[in-house]
Amino acid sequence: MTNSTEERKIRLATVWLGGCSGCNMSFLDLGELLIDLSQRTELVYGPFTDIKAFPKDVDITIVEGSINNTENLELYREIRQRTKIVVSFGDCAVTGNVSSLRNVLTPEEVLVQSYGHVPGDPPYGSEASEVLPRLLPKSYPLHHVLPVDAFIPGCPPDPERTWPALLALLEGKRAEPAPEERSFG
Ligand code: SF4
């Protein structure tokens with residue numbers, strides 16, 4: 001039982017949107033640091049848990065992937081409403097990266113290219129909306145849809161980058177600047 005003088009753990013979530021899951025898997029490369037993380041945080045949602053609904057009052061949510069479809073969009077809106085610090089985690093979330101390669105095609109062309117050359121009935125046209133979340137016109141980095149508070153780039157981000165950034169956020173220090181604020185020159 002939690003006693004009233006015991007410090008409340010930071011409520012942490014990780015989410016997999018339009019990405020390959022590599023960023024969430026790279027989280028496991030933190031190795032023994034995960035023990036440190038588990039002592040500081042309570043994991044309240046993510047691919048490593050069996051929790052179905054995104055919870056309320058989350059302190060930090062680490063988001064992998066871009067916004068590709070209506071399902072991603074709906075969940076991301078919920079995450080933004082319920083989270084104090086949203087972290088754009090990995091290049092697909094930060095820039096669109098691999099997920100945005102499809103932006104040269106229309107959503108209908110993406111479905112034809114994805115399903116039109118394999119056996120079985122392709123789920124495009126009106127049928128697609130019954131079996132798949134509707135694709136948005138393009139794949140968007142998170143901050144193009146709703147603001148984020150921190151960026152951890154990489155494909156996937158390695159532990160040497162992830163841990164110091166995450167530790168800073170856990171200790172309430174300033175988040176990384178947005179990509180637009182950085183100099184890439
Ligand atoms: S950034 Fe790389 S590892 Fe992460 S979801 Fe995108 S393609 Fe996968």
Side-chain angles (χ1 to χ4, degrees), residues 12-34 37 41 43-52 54 58 60-80 82-83 85-107 109-111 113-115 117-118 132-170 175-184:
L12 177 72
T14 76
V15 177
W16 170 12
L17 297 182
C20 73
S21 92
C23 287
N24 264 285
M25 291 303 107
S26 77
F27 215 75
L28 301 178
D29 292 337
L30 288 172
E32 290 178 5
L33 291 169
L34 289 171
L37 185 64
T41 62
L43 186 61
V44 293
Y45 185 87
F48 311 117
T49 74
D50 194 31
I51 299 165
K52 307 294 185 210
F54 193 82
V58 180
I60 299 175
T61 299
I62 294 167
V63 185
E64 166 195 323
S66 56
I67 308 296
N68 281 335
N69 58 38
T70 48
E71 190 176 81
N72 298 155
L73 184 60
E74 197 177 317
L75 179 54
Y76 184 48
R77 282 186 177 139
E78 199 166 43
I79 291 164
R80 185 63 276 187
R82 298 180 172 190
T83 306
I85 297 172
V86 172
V87 182
S88 184
F89 187 58
D91 285 349
C92 288
V94 174
T95 68
N97 193 34
V98 176
S99 299
S100 66
L101 292 177
R102 66 99 157 168
N103 287 355
V104 294
L105 302 174
T106 65
E109 287 168 338
V110 170
L111 292 174
Q113 289 300 321
S114 303
Y115 297 103
H117 308 292
V118 294
L132 296 170
R134 185 171 54 79
L135 286 175
L136 299 177
K138 293 192 182 305
S139 175
Y140 303 97
L142 299 186
H143 66 287
H144 285 202
V145 176
L146 288 170
V148 306
D149 305 296
F151 295 83
I152 303 179
C155 181
D158 56 34
E160 290 75 18
R161 175 175 287 169
T162 300
W163 182 246
L166 189 53
L167 196 56
L169 294 173
L170 293 172
E176 282 285 300
E180 290 84 358
E181 296 172 28
R182 292 201 195 124
S183 166
F184 288 98

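Counting starts at 1 for both ligands and their atoms, in listed order. Because the structure is predicted, anything quoted here is derived from the model rather than measured.
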- Under 4.5 Å between any side-chain heavy atoms of I79 and V15, yes or no? yes

- Item | All side-chain hydrogen bond (donor to acceptor under 3.5 Å, both in side chains) counterparts of T70, not counting sequence neighbours | none

- Message: I'd like to check F27 versus E64 (side-chain heavy atoms, cut-off strictly below 4.5 Å). Are they in contact?
- Response: no

- Query: Can you tell if the side chain of S26 reaches within under 4.5 Å of the side chain of F89, non-hydrogen atoms only?
  - Reply: yes

- For Y140, the ring pair (Phe, Tyr, Trp, His ring centres under 6.0 Å) test, sequence neighbours excluded, returns none

- At a heavy-atom distance under 4.0 Å, which protein residues reach ligand 1? Sort them by chain and number, would you? G19, C20, G22, C23, E64, D91, C92, N97, V98, G154, C155, P156

- Item | Any residue meeting side-chain hydrogen bond (donor to acceptor under 3.5 Å, both in side chains) with N68, in chain and number order, not counting sequence neighbours | S66, S139

